[in-house]
Amino acid sequence: MEAFASPVKIDWPAEWRIPFVFSSPHSGRNYPKDFIDSARLDCTKLRQSEDFLVDELFSCAPVFGAPLLSADFPRAYCDANREAFELDPLMYKTPLPDYVMTTSPRLASGIGTIPKVVGAGQEIYGGKLDFEDARQRINDCYFPYHHALRQLLEAGRKKFGYIYLLDCHSMPTANATRGSSLFRTTYQRPDIILGNRYGTSCGPQLFEEVFTRLEAQGYHVGQNSPYAGGYITAHYGNPEKNIHALQIEINRALYMDQKKLEPTNGFEKLKKAIAGFVHDMSTDYSSLLTA
């Protein structure tokens with residue numbers, strides 16, 4: 001199996017001036033040839049689960065004084081926003097070790113640490129996998145990402161006394177339904193959804209500040225539904241220890257052609273708006289100090 005020379009990338013600011021870390025765990029687009037060869041799907045379909053160019057959308061972070069951590073490996077290959085060993089036992093040739101988590105809502109949907117599906121339930125593999133292959137992917141990709149993220153958060157907290165993690169993602173455009181079977185209504189997903197694990201992963205000041213500033217950029221912002229924050233937000237967000245984590249999900253319709261996997265004219269507009277948002281957060285975060 002091919003190894004990644006550098007599975008993660010940190011774009012550093014010239015000077016770390018603000019108490020923020022930006023994370024993009026799903027924007028990796030380096031697809032190993034042996035992975036593509038082993039998949040029953042072509043590369044275009046494998047990329048359906050990718051947070052397309054989210055690292056580029058937030059590339060302004062170092063300009064305004066904060067590091068940006070991003071994955072080089074693709075989400076379909078290894079998902080860093082899961083437990084370390086959250087694996088579907090039906091995907092493997094032999095029984096899994098006892099330490100592996102084999103049941104969860106994510107696994108039921110086919111999206112564990114080694115995903116079973118991409119997009120709308122399209123299965124990646126035609127046969128069963130070897131657990132040693134999964135273990136190597138997790139060792140080569142998952143653990144380096146979390147090691148880097150943990151070091152950034154600890155260094156930031158030591159430097160500033162507190163740290164704010166913005167975990168950046170994109171979501172597919174979809175109509176959703178709510179209500180009972182008799183009174184079901186259809187609605188369009190917001191432009192951006194903020195997830196704070198229902199108020200547990202960050203203080204209300206951070207949530208309200210980000211919400212207000214994104215709305216000021218003209219976006220319709222939702223909260224916690226259907227994305228309340230994944231493993232990274234839940235695992236690292238600990239306001240009592242001065243680590244505040246907030247997930248940001250951006251509607252892909254704002255900036256990309258989801259079939260062709262190409263940026264649209266909206267890409268530069270959105271990138272500029274995000275730069276405005278990060279700039280505003282970097283110049284006035286005094287209200288967060290009581291978080």
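Everything numeric in this text was worked out from a predicted model, so none of it was measured.
In terms of heavy-atom proximity, Asp55 sits nearest to Ser24 at N-OG, 3.8 Å. Contact record, Cys141 with Pro7: CA-CB, 4.2 Å, taken as the closest heavy-atom pair. Pairing each heavy atom of Ala76 with each of Ile124, the nearest pair is O-CD1, 3.9 Å. Summarising the geometry of Thr173 relative to Gln258, their closest heavy-atom pair is OG1-NE2, 3.0 Å, with the distance given to 0.1 Å. The two atoms that bring Pro115 and Arg75 nearest to each other are CG-O, 3.3 Å, heavy atoms only. The shortest non-hydrogen separation linking Ala275 to Phe64 is O-CE1, 3.5 Å.
A donor-acceptor pair shorter than 3.5 Å can be found between the side chains of Ser104 and Glu86. Ser27 and Asp51 are not linked by any side-chain donor-acceptor pair at a separation below 3.5 angstrom, with hydrogens and angles left out of the test. Thr113 and Asp79 share no donor-acceptor pair across their side chains, judged by distance under 3.5 Å alone.
Atom CG of Asp37 has more than 12 heavy atoms from other residues, nucleotides or ligands within 6.0 Å. Sparse packing is recorded around NZ of Lys9, with 12 or fewer heavy atoms of other residues, nucleotides or ligands lying under 6.0 Å away.
Once rounded to the nearest 0.5 Å, the distance linking CG of Leu261 with CG of Leu53 reads 9.5 Å. Annotation: the span from Ile163 atom CD1 to Asn242 atom CG amounts to 10.5 Å, rounded to 0.5 Å. Summarising the geometry, atom OG1 belonging to Thr212 is positioned 11.5 Å from atom CG belonging to Asp280; distances are rounded to the nearest 0.5 Å. Here the straight-line distance linking atom CG of Leu149 with atom CD of Glu154 works out to 10.0 Å at 0.5 Å rounding. Atom CG in Leu214 sits 7.5 Å away from atom CD in Gln217 (nearest 0.5 Å). Atom SG of Cys78 is separated from atom CZ of Phe73 by 5.5 Å, given to the nearest 0.5 angstrom.
With a 4.5 Å cut-off on side-chain heavy atoms, Phe35 and Tyr125 count as touching. At a threshold of 4.5 Å between non-hydrogen side-chain atoms, the residues Leu165 and Ser23 count as touching. A 4.5 Å side-chain heavy-atom check between Met101 and Leu87 finds every atom pair outside the cut-off. At a threshold of 4.5 Å between non-hydrogen side-chain atoms, the residues Thr102 and Asp88 do not count as touching. Residues Met281 and Leu206 are in side-chain contact: their nearest non-hydrogen atoms beyond the backbone lie under 4.5 Å apart. Within the 4.5 Å cutoff, the side chain of Val54 has no heavy atoms near those of the Ile250 side chain.
Taking the six-membered ring for Trp and thresholds of 30 and 60 degrees, Tyr231 and His235 have nearly parallel ring planes, at less than 30 degrees apart. The aromatic rings of Phe131 and Tyr92 sit perpendicular, their planes meeting at an angle over 60°, well past the 30° parallel limit.
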Determine, stepwise, if the pair Lys271 / Glu268 fulfils salt bridge (Lys or Arg N to Asp or Glu O under 4.0 Å). CA-CA 5 Å; Lys271 187 176 180 180; Glu268 290 301 328; 5.1 Å; no
Which is it for Ser201 and Asn196 under the side-chain hydrogen bond (donor to acceptor under 3.5 Å, both in side chains) test, yes or no, and what are the steps along the way? CA-CA 5 Å; Ser201 68; Asn196 65 352; 5.6 Å; no
After noting the C-alpha distance and the side-chain angles of Leu69 and Phe22, does the key distance pass the side chain to side chain contact (heavy atoms under 4.5 Å, CB included) rule? CA-CA 6 Å; Leu69 171 68; Phe22 289 79; over 6 Å; no
Is there a side chain to side chain contact (heavy atoms under 4.5 Å, CB included) between Asn251 and Ile192 once you walk through the steps? CA-CA 6 Å; Asn251 195 319; Ile192 297 171; over 6 Å; no
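If you look at Tyr236 and His146, their ring centroids are closer than 6.0 Å. Taking the six-membered ring where the residue is Trp, the centroids of Phe143 and Tyr145 are separated by 6.0 Å or more. Ring to ring, Tyr31 and Tyr77 are not that close: their centroids are 6.0 angstrom or more apart.
Among Leu254, Asp257, Leu270, the one residue that satisfies the side-chain contact (heavy atoms from CB on, under 4.5 Å) test with Thr264 is Asp257. Each of Asn224, Leu166, Val221 was compared with Leu194 under the side-chain contact (heavy atoms from CB on, under 4.5 Å) criterion, and only Val221 meets it. Applying side chain to side chain donor-acceptor pair (under 3.5 Å) to Tyr227 and the options Arg189, His169, Glu249 leaves one that passes, Arg189.
The residues Glu132 and Arg135 are annotated as salt-bridged, a charged nitrogen and a carboxylate oxygen being separated by less than 4.0 angstrom. Taking the charged nitrogens against the carboxylate oxygens, Arg29 and Glu56 do have a contact shorter than 4.0 Å, which makes a salt bridge. Salt-bridge annotation for Arg252 and Asp191: absent, with no side-chain N of the basic residue lying under 4.0 Å from a carboxylate O of the acidic one. Between Glu209 and Arg213 there is a salt bridge, with a side-chain nitrogen of the basic residue lying less than 4.0 Å from a carboxylate oxygen of the acidic one.
Proximity of a side-chain donor or acceptor of Trp16 to a complementary backbone N or O of Ile18 within less than 3.5 Å is detected. Side chain of Asp167 to backbone of Leu246: no donor-acceptor contact under 3.5 angstrom is found.
Residues Val117 and Leu41 do not share a hydrophobic cluster, clusters being chains of Ile/Leu/Val/Met/Phe/Trp/Tyr side chains in contact below 4.5 Å. Note on Leu107: it does not cluster hydrophobically with Ile138, by side-chain heavy-atom contacts below 4.5 Å among ILVMFWY residues. Residues Ile274 and Met171 fall into different hydrophobic clusters, defined by Ile, Leu, Val, Met, Phe, Trp and Tyr side chains chained together at heavy-atom separations under 4.5 Å.
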